[in-house]
There are 4 protein chains.
Amino acid sequence: MNQAQRGRPRDTRIDERVLRAAATLLLRHGYAGLSIEEVAERAGVAKTTLYRRWPTKDHLAVAVVAHLQDEDDITDTGDIRRDLSDYTEKIATALNRLRSAGRPAGQDNRSAGVVAELVAAGARHDDIGRMGRHNYARRNALAVALIERARERGQLRADLDPLVLLDQLAGALYYRVLITGAPVDRHYAEQLVATALDGAANRKEAPRP
Amino acid sequence: MNQAQRGRPRDTRIDERVLRAAATLLLRHGYAGLSIEEVAERAGVAKTTLYRRWPTKDHLAVAVVAHLQDEDDITDTGDIRRDLSDYTEKIATALNRLRSAGRPAGQDNRSAGVVAELVAAGARHDDIGRMGRHNYARRNALAVALIERARERGQLRADLDPLVLLDQLAGALYYRVLITGAPVDRHYAEQLVATALDGAANRKEAPRP
Amino acid sequence: MNQAQRGRPRDTRIDERVLRAAATLLLRHGYAGLSIEEVAERAGVAKTTLYRRWPTKDHLAVAVVAHLQDEDDITDTGDIRRDLSDYTEKIATALNRLRSAGRPAGQDNRSAGVVAELVAAGARHDDIGRMGRHNYARRNALAVALIERARERGQLRADLDPLVLLDQLAGALYYRVLITGAPVDRHYAEQLVATALDGAANRKEAPRP
Amino acid sequence: MNQAQRGRPRDTRIDERVLRAAATLLLRHGYAGLSIEEVAERAGVAKTTLYRRWPTKDHLAVAVVAHLQDEDDITDTGDIRRDLSDYTEKIATALNRLRSAGRPAGQDNRSAGVVAELVAAGARHDDIGRMGRHNYARRNALAVALIERARERGQLRADLDPLVLLDQLAGALYYRVLITGAPVDRHYAEQLVATALDGAANRKEAPRP
DNA sequence: GAGTAAGCGAGACGGTACGTCGCGTCTTCGT
DNA sequence: ACGAAGACGCGACGTACCGTCTCGCTTACTC
């Protein structure tokens, strides 16, 4: 059965207030600008209360970002080219949100760092890392299913490894956001999908004789 | 001509000693385990001397990694498939070095974090970010030239955007290392290149009707 | 009524431990030998805790000395000559304690410096200066009262300014300790009082005709 | 004979420039505001050059103040009351110069600290201490001679210890400047001398029965 | 409705590094 | 030698945040 409740129950409104305050700080001042001390003050909450829910600043930050990103689900229209473009664009949108949210204007490097710090957080704490990988696996599983169905319809090569294709799409986005700083948008998503599906090799001539 | 020398010249052996000490710490204990205080002590150097050369722990860390990675140049054998595989593998090797160096065994998450922290460092300090992007641009320029030559030889599509192809190759590697934690090796590099060149679409039938 | 207690109360034993450790260092190695870092270590206390109570090394040093000097009160026997000698001697004793405490032997210059550094501390920080002057004013007020009573008994001149007399007594002591390095003891105190009371002028002849 | 000169002779104009720069800093920002680094820069002189002349910041500071104070000599008019008042006032003037020089307005505590820091400097370095005491002894010797002559003229008690009288005069001044912060001026000097010469005791009645 | 177990606000505490400051020494070149 | 320039070692400073703790008070559920 349910564990009988003992003692005063947690005030659920607090989570909301804290996450909002933390999100503000995180997006405005980057990861370093997110200090537990200030979050507590802004949320009108004691530090103790914070630590009771998120054992670490890293955990809090992850929760903030998870809270920001609404679940994007995958649509299957039968047109794999379009479905993959949609999927890719959704990832791009989420990344862009983290990248530029709350920024005055121009290229916002700071928040690009937020993504990196989250990755680092995953490396610092096993549980965060596991959770992150689990989430990615879950998301990927849906995309893999999409690809499988297209393959069964004969739209994709029979020997294609779906994960490799996904690596190429999502990877390119992360690479741009994290490393080169180049922009990612709908157009880039489509270009990516086109290149990935049609191949870079020239098929007019014998690609491999 | 040469600027006349003013004052006592910097002791060049110090850079060497410091970078070595820092590299040891960074690879052994991850980014958090890299403390200026201890680097100074191990290198037998005053903390002020460190700060005179690297204004920040982030700057030092970047310098360390730059120092670790020997310049990988690109070879052009005429076989684009092989050249790209080599190039991709070189990146993978560099990433793996950061990932697992000094780790006892098994999957080493900690050092995956090093890459992430370096990215974050680039986001925290404009100068580091600029320098990083500049370096990537330089490396990419060589690869772009390689691709252009192959295209002129008729091996690649005329309408191919070389940068997109490179994003797909390098991006997939970074994605695996940073996000999913999957392994990257020679085999993966080849698989990546094959998928990218030949395309995911099934060409036996009409790819786009 | 009493302010309701908020938060964890300060651990009062810490003050004791810190002041003891600081006193040891101060008396043994002089002002320069008093380092917050080492006090913290010896007292088994975090540096932050120290700074929470004494915002500055100067503040700590003042607190240490204040803690060393037990309140010397003034006795009124009716014999002003004796009372002033006692008072003067008490000051001398306190100064000597600072001067020679913990010194191996011989003329101890170092600790003469402690007095000077405390004065300098009062000049560096307004709050310390104010507090110091306040304390001296309080002590002087008692002595002034003593003098007033003696004057009412007809033992002192009617037109005497008590503060001037006190300046002459205490000042001579500080002057010796700080400037000339000459010794101050009971005998000197009595000599001082005698000279001050009886005057330097020769009264056998008309001092001012 | 004189040691034959070897090498380039010292540039004598440098002392002047340095002392002026140092005096500015010392009077404007107090002892802590006197930094060798900045003195060197302002004087347009290398730090090395500074250290070749004054082995320590303390030594420099002492030199600065010594340079500021022009030698006050003692005048003997035959009127001991007036001579002592003059002497006392001269000391007061010198102290006031250190106390208020360069201050915007109001009571300037900072520079009161300069005096204290000089005393502390004397405690930190034996040679400074010795030199300081020597100077005071020299000055006092002149005053003692003055007093002796007055005593021989029958103006002062035969059993008077001249040094005690001087302690009372000079001490009171230093005490006010350093400790209580009270003002010292011509009027106070006269009051001091009067009290010291005539005595605090009431001579109308039997002072000591 | 008295007990009691937990939540909560507040703030002290230990700890770890950080980056800074100033001193006094040294090394190099040029005068 | 002296002088300018500036690197270097050293020692401490005061700060910032983290995450833990100890108070007193509040809010439920339970008996």
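Each chain gets a letter, A, B and so on, in the order the sequences are listed, and its residues count up from 1.
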Look at the side chain of [X] and the base of [N], then say whether one donor and one acceptor between them are separated by less than 3.5 Å.
X: A:Lys47; N: E:dG9; answer: no
X: D:Lys57; N: E:dG24; answer: no
X: A:Thr48; N: E:dA10; answer: yes
X: B:Arg8; N: E:dC26; answer: yes

Heavy atoms, side chains only, cut-off 4.5 Å: are [X] and [Y] in contact?
X: C:Ile36; Y: C:Lys47; answer: yes
X: A:Val18; Y: A:Val64; answer: no
X: C:Thr49; Y: C:Arg53; answer: yes
X: C:Leu26; Y: C:Val65; answer: yes
X: D:Ile14; Y: D:Asp11; answer: yes
X: D:Leu60; Y: D:Tyr51; answer: no
X: C:Leu98; Y: C:Leu118; answer: yes

Which of the following nucleotides, [options], is nearest to the side chain of [X]?
X: B:Tyr51; options: E:dC8, F:dG3, E:dC18; result: E:dC18
X: A:Arg53; options: E:dC8, E:dG24, E:dC13; result: E:dC8
X: A:Arg10; options: E:dT27, F:dC10, E:dC8; result: E:dC8
X: A:Ala46; options: F:dC23, E:dG9, E:dT20; result: E:dG9

Tell me the interatomic distance from [X], atom [atom1], to [N], atom [atom2], rounded to whole angstroms.
X: C:His29; N: F:dG11; atom1: NE2; atom2: C1'; answer: 15 Å
X: B:His59; N: E:dC18; atom1: NE2; atom2: C1'; answer: 15 Å
X: A:Ile14; N: F:dT27; atom1: CD1; atom2: C1'; answer: 12 Å
X: A:Arg52; N: F:dG19; atom1: CZ; atom2: P; answer: 16 Å
X: B:Trp54; N: F:dC8; atom1: CH2; atom2: C1'; answer: 14 Å
X: D:His125; N: E:dC23; atom1: NE2; atom2: P; answer: 12 Å
X: B:Tyr31; N: E:dA17; atom1: OH; atom2: P; answer: 15 Å
X: D:Leu50; N: E:dT25; atom1: CG; atom2: P; answer: 13 Å

Check the phosphate of [N] against [X], side-chain N and O only, distance under 4.0 Å to OP1 or OP2. Yes or no?
X: B:Thr49; N: F:dA7; result: no
X: B:Arg6; N: E:dC29; result: no
X: A:Arg13; N: E:dG7; result: no

Worksheet entry | Pairwise 5' ranking along DNA chain F for A:Pro9 and B:Pro9, keeping only the more 5' one | B:Pro9
Fill in: Pairs where residues 56-66 of chain A contributes a residue and the test salt bridge (Lys or Arg N to Asp or Glu O under 4.0 Å) is met, not counting sequence neighbours
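Non-adjacent pairs meeting salt bridge (Lys or Arg N to Asp or Glu O under 4.0 Å): A:Asp58-A:Arg124.
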Fill in: DNA chain F contacts made by residues 34-44 of chain B, counting heavy atoms under 4.0 Å
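Hits under 4.0 Å, by residue number: B:Gly44.
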Practice prompt. Hey, which sits more toward the 5' end of DNA chain E by its nearest nucleotide, C:Thr12 or A:Val45?
Written response: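 Upstream on the strand: A:Val45.
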